[in-house]
Amino acid sequence: MTKGQFPTDQFQQLRTPFYYYDTELLRKTLQTINDEAGKHEGFVVHYAVKANANPQLLRIIRQAGLGADCVSGGEIEASIKAGFPASKIVFAGVGKSDWEINLGLDNDIFCFNVESIPELEVINDLATQKGKVARVAFRLNPNVGAHTHANITTGLAENKFGIAMRDMMSVIEEASQMEHVKVVGLHFHIGSQILDMGDFEALCNRVNELQSELERHRIIVEHINVGGGLGVDYQHPNRVPIPDFKAYFDTYAKKLRLRPGQTLHFELGRAVVAQCGSLLTRTLYIKKGAVKQFCIVDAGFTDLIRPALYQAYHKIENITSEEPAQTYDVVGPICESTDVFAKQIDLNGCRRGDLLAIRSAGAYGEIMASQYNCRSLPKGYTSDEI
Ligand SMILES: *Cc1c(COP(=O)(O)O)cnc(C)c1O
């Protein structure tokens, strides 16, 4: 979508700030995922619900046939409500509560991605009480770095996630003694916003090593789950609206050696939904400071926290101005100095009432909104309803 393609007339009726989702782009993105993953036998794609659980988006993603990767009981409930079959729901996370595990067991979800032995024991106990057998995959920490922001790397030995590789055989051994769990897979996830295919290659090499070790013990698991992490082009949402899924899936097809009958699962979040979403906000005031001018808008980090939390870049456009460009710091109304969306960027001349679109905000945007300062949560609208 380029500037000018937003339905600005319809936007005028809506209270800002709000999220706007281009469902045509979402559908095209999902089609590309299905086309590219479909070229490789045994590839199964899940959507990481934590990126955005907007019910309308979930329904579109479910209609495209993706499974759901959940990290809480609430996400399992949202996925079931959106129509995802339980047989396509996986449940990950370092700290699953009993009620969340019970919810997964009651719904017979596809798999629990288990991150520790104490967790495995609890799952086995709860499954015993229900007379069920829980399907589990072990999340291993592959000690593979990713060239991304330190706060969103997850696959290093120092991170809290997963089980150490050297413990792989002993945890599988321990699980085999338990009657109410069945080990069906291995799970990995090295981080997010990864654009260097070399990082995924490093993960493939690690998985190959671990599979060889398992093979020496005559173990072949049903599936390998390599998590998500594919990044998007935050600089150029118009030029690169759809991430390079071909390079991503081809890397795995080329580098990861699947055993006969094995399936390879993916859990993509950001790459599915980031580019279809924008945060729309209205200019309140233009304030000329001593050394710079500020464009003060009605959205704050309560609506989109990524710039404050990760120093993330989002492209911003003034979609209602044709004035010559000027340089601004775009800031929100929250009483914190970190409430800044961008510093020293060029925007078409801003006046009070102008609408700005903060682009590539579909992932980790609306879902991370808070009510700090007693603010209301932003609404989300899709292009289907506007
Ligand atoms: C967050 C997460 C994902 C999705 O990551 P993206 O970078 O949004 O693709 C997948 N799997 C697990 C286990 C996660 O925690």
Side-chain angles (χ1 to χ4, degrees), residues 26 29-30 33 37 44-54 57-58 61 66-72 74-76 79 88-96 100 104 109-116 119 136-142 144-156 159-163 185-197 199-200 203 207 223-234 242-245 247-249 251-252 264-277 306 309-310 312 360-368:
L26 176 60
T29 304
L30 291 163
I33 290 171
V44 180
V45 184
H46 300 262
Y47 167 62
V49 175
K50 76 170 190 274
N52 191 324
N54 179 294
L57 301 196
L58 284 185
I61 293 165
L66 276 66
D69 162 45
C70 300
V71 292
S72 72
E75 286 188 3
I76 294 176
S79 302
K88 286 188 177 178
I89 293 177
V90 299
F91 182 18
V94 286
K96 302 178 185 76
E100 295 177 308
I109 61 168
F110 173 69
C111 187
F112 291 85
N113 291 335
V114 172
E115 306 218 9
S116 66
E119 179 194 334
V136 302
F138 285 115
R139 177 172 183 173
L140 297 176
N141 186 323
V144 168
H147 296 93
T148 183
H149 193 279
N151 291 2
I152 49 177
T153 54
T154 53
L156 283 174
N159 296 129
K160 70 178 175 183
F161 301 101
I163 292 167
L186 294 182
H187 177 232
F188 306 86
H189 176 66
I190 56 171
S192 199
Q193 185 52 20
I194 297 167
L195 291 165
D196 182 348
M197 293 302 132
D199 292 337
F200 296 120
L203 174 61
V207 174
H223 77 266
I224 302 291
N225 182 334
V226 286
L230 178 62
V232 305
D233 191 336
Y234 282 100
I242 299 180
D244 194 352
F245 291 108
Y248 176 73
F249 290 119
T251 297
Y252 280 100
L264 184 59
H265 293 222
F266 300 87
E267 303 168 334
L268 293 168
R270 188 189 309 274
V272 182
V273 291
Q275 296 293 40
C276 77
R306 300 190 66 258
L309 192 59
Y310 312 122
S360 312
Y364 308 106
E366 186 182 356
I367 194 74
M368 289 179 108

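Atoms within each ligand, like the ligands themselves, are counted from 1 in listed order.
Between Gln275 and Thr29, every side-chain heavy-atom pair lies at or beyond the 4.5 Å cut-off. Side-chain contact check for Asp199 versus Val144: every heavy-atom pair is 4.5 Å or farther apart.
Cation-pi check for Lys96 over Phe112 is not met; the charged atom does not lie both under 6.0 angstrom from the ring centroid and within 45 degrees of its normal.
In this structure, ligand 1 sits under 4.0 Å from heavy atoms belonging to Ala48, Lys50, Asp69, Arg139, His187, His189, Ser192, Gly228, Gly229, Glu267, Leu268, Gly269, Arg270, Tyr364.
By the 30° and 60° cut-offs, the orientation of the rings of Phe245 relative to Phe249 is parallel.
Checking each of His46, His189, His187 against Glu267 for a side chain to side chain donor-acceptor pair (under 3.5 Å) leaves exactly one that passes, namely His187.
Aromatic rings of Phe266 and Tyr252 (six-membered ring for Trp) have centroids within the 6.0 Å cut-off, being under it.
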